[in-house]
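Side chains included, hydrogens not; waters and symmetry mates left out as well; all remaining heavy atoms used.
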Amino acid sequence: MEQHIVIGKIVAPHGVRGEFRIMPQTDHPERYAKMKKITLDNGREYTVVSLRQHKNVYLMKVEGIDSMNDAETLRGRTIVLRPEELPPLPEGQFYVRDIIGFAAVTPEGETVGTLKDVLSPGSTDVFVIAPPQGEDILVAAIGDNIRNIDWEKKQITVVLPEWI
């Protein structure tokens, strides 16, 4: 299966008529209300019959899932999108997946490593840079540390923490 973006996880059946609970794994859970179909991580597609919010989860009913037992078979599956289904972003914003693999360089032009991941532990994202040797380098994604993202050169200019 090609690369997909996870936007939710089916965590449990809800009731006896085939509804199931979705734990959102997206910054924009309102997108569920616009979905006519969903695709699961196993490639199966379902037509959405109904959707409603319930506390911190969404309750969804799809065609072909008509009992608690049917819904139980979906437990643990993730709801995914193909990259082309992602909405366009405003100018200056990007999807993390678009910069993974970019070279990380210092303002002086020295190559530090490759962007391996972006973590979101709290209020500030953290760029994980994999150097050619040694342990990963963590850099807070703030303006003082991330100076520039060059889309043509596929590189990120970073100021490393002083303890590196």
> Decide side chain to side chain contact (heavy atoms under 4.5 Å, CB included) for Val112 and Val105; before the verdict, give the C-alpha distance in whole Å, the side-chain angles of both, and the deciding distance to 0.1 Å.
CA-CA 5 Å; Val112 177; Val105 298; 5.7 Å; no
> Test side chain to side chain contact (heavy atoms under 4.5 Å, CB included) on Met35 and Ile7 and set out the steps.
CA-CA 12 Å; Met35 297 176 79; Ile7 62 166; 4.0 Å; yes
> Tell me whether Met23 shares a hydrophobic cluster with Ile79, the cluster being built from Ile, Leu, Val, Met, Phe, Trp, Tyr side chains joined at under 4.5 Å.
no
> Taking all heavy atoms of Leu138 and all of Pro161, pick out the closest pair and write down the distance.
O-CG, 3.7 Å
> Between Leu89 and Phe94, which heavy-atom pair has the shortest distance, and what is it?
CD1-C, 3.3 Å
> Please report the interatomic distance CG(Leu59) to NZ(Lys55), rounded to the nearest 0.5 Å.
10.5 Å
> Ignoring hydrogens and angles, state whether a donor on the side chain of Lys37 or Thr47 is under 3.5 Å from an acceptor on the partner side chain.
yes
> If every non-hydrogen atom of Val118 is compared with every non-hydrogen atom of Leu115, which pair is closest and at what distance?
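Distance-wise, the nearest heavy atoms are CG2-CD2, 4.2 Å.
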> A side-chain contact here means heavy atoms from C-beta on lying under 4.5 Å apart; do Leu81 and Arg31 qualify?
yes
> With distance as the sole criterion, is a donor-acceptor pair present between the side chains of Asp41 and Thr78 under 3.5 Å?
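Yes, a side-chain donor-acceptor pair sits under 3.5 Å.
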> For Ile100 and Asp117, which heavy atoms make the closest approach, and how far apart are they?
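Looking at all heavy atoms of both residues, the closest pair is CD1-CA, 3.6 Å.
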> Output yes when a side-chain donor or acceptor of Thr106 lies under 3.5 Å from a complementary backbone atom of Glu110, and no otherwise.
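Confirmed, Thr106 side chain pairs with Glu110 backbone.
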> Can you tell me how far the CD1 atom of Ile5 sits from the CZ atom of Arg82, to the nearest 0.5 Å?
10.0 Å
> Are Val159 and Val139 joined in one hydrophobic group, where the rule is that I, L, V, M, F, W and Y side chains link up if heavy atoms are under 4.5 Å apart?
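Per the 4.5 Å side-chain linkage, Val159 and Val139 are not co-clustered.
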> So if you build clusters from Ile, Leu, Val, Met, Phe, Trp, Tyr with side-chain heavy-atom gaps below 4.5 Å, do Ile22 and Ile38 land together?
yes
> Does Tyr46 have any ring-ring contact (aromatic ring centres under 6.0 Å, His included) partners at least two apart in sequence or in another chain, and if so, which?
none
> What's the shortest heavy-atom distance between Pro132 and Gly113, and which atoms?
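Scanning both residues completely, I find the closest heavy atoms to be CD-CA, 4.3 Å.
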> Linking I/L/V/M/F/W/Y whenever their side-chain heavy atoms sit closer than 4.5 Å, directly or via other members, would Met68 and Leu74 fall into one cluster?
no
> Got Pro83 and Arg97 here, is their nearest side-chain heavy-atom distance under 4.5 Å?
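Side-chain contact under 4.5 Å: yes.
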> Does the Thr26 side chain pair with the main chain of His28, one donor and one acceptor, at a distance under 3.5 Å?
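Between the backbone of His28 and the side chain of Thr26 there is a qualifying donor-acceptor contact (under 3.5 Å).
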> Dump the intermediate steps for side chain to side chain contact (heavy atoms under 4.5 Å, CB included) on Val48 and Tyr32, then the final yes or no.
CA-CA 10 Å; Val48 176; Tyr32 295 130; over 6 Å; no
> Is Asn145 reaching over with its side chain to a backbone N or O of Ala140, donor-acceptor style, under 3.5 angstrom?
yes
> Does the side chain of Asp150 come within less than 4.5 Å of Ile156's, by heavy atoms?
no
> Apply salt bridge (Lys or Arg N to Asp or Glu O under 4.0 Å) to the pair Asp66 and Arg17, showing each step before the final yes or no.
CA-CA 5 Å; Asp66 298 315; Arg17 294 191 174 103; over 6 Å; no
> To the nearest 0.5 Å, how far apart are CD in Gln155 and CZ in Phe102?
9.5 Å
> Could you pull out the closest heavy-atom pair between Arg75 and Ala12, with the gap in Å?
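Shortest heavy-atom contact: NH1-CB, 3.9 Å.
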> Kindly compute the distance separating CZ (Arg77) from NZ (Lys9), expressed to the nearest 0.5 Å.
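Those atoms lie 11.0 Å apart.
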> Got more than 12 heavy atoms from elsewhere within 6.0 Å of CD, Glu135?
no
> Counting distance only, does the side-chain N/O of Ser67 pair as donor-acceptor with the main-chain N or O of Asp70 below 3.5 Å?
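Yes, the answer is positive, given that a donor and an acceptor are paired below the 3.5 Å cut-off.
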> Same cluster or not: Ile10 versus Val57, using hydrophobic residues (I, L, V, M, F, W, Y) connected whenever any side-chain heavy atoms lie under 4.5 Å apart?
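Different hydrophobic clusters.
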> When you compare the side chain of Ile137 with that of Lys116, does any pair of heavy atoms fall below 4.5 Å?
no
> Looking at residues at least two apart in the chain, or sitting in another chain, which of them share a ring-ring contact (aromatic ring centres under 6.0 Å, His included) with His54?
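For His54 the ring-ring contact (aromatic ring centres under 6.0 Å, His included) partners, ignoring immediate neighbours, are His14.
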> Find the distance between NZ (Lys61) and CZ (Phe20) and round it off to the nearest 0.5 Å.
8.5 Å
> Starting at CG of Leu119, measure out to CZ of Phe127 and round the result to the nearest 0.5 Å.
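Here the interatomic distance stands at 10.5 Å.
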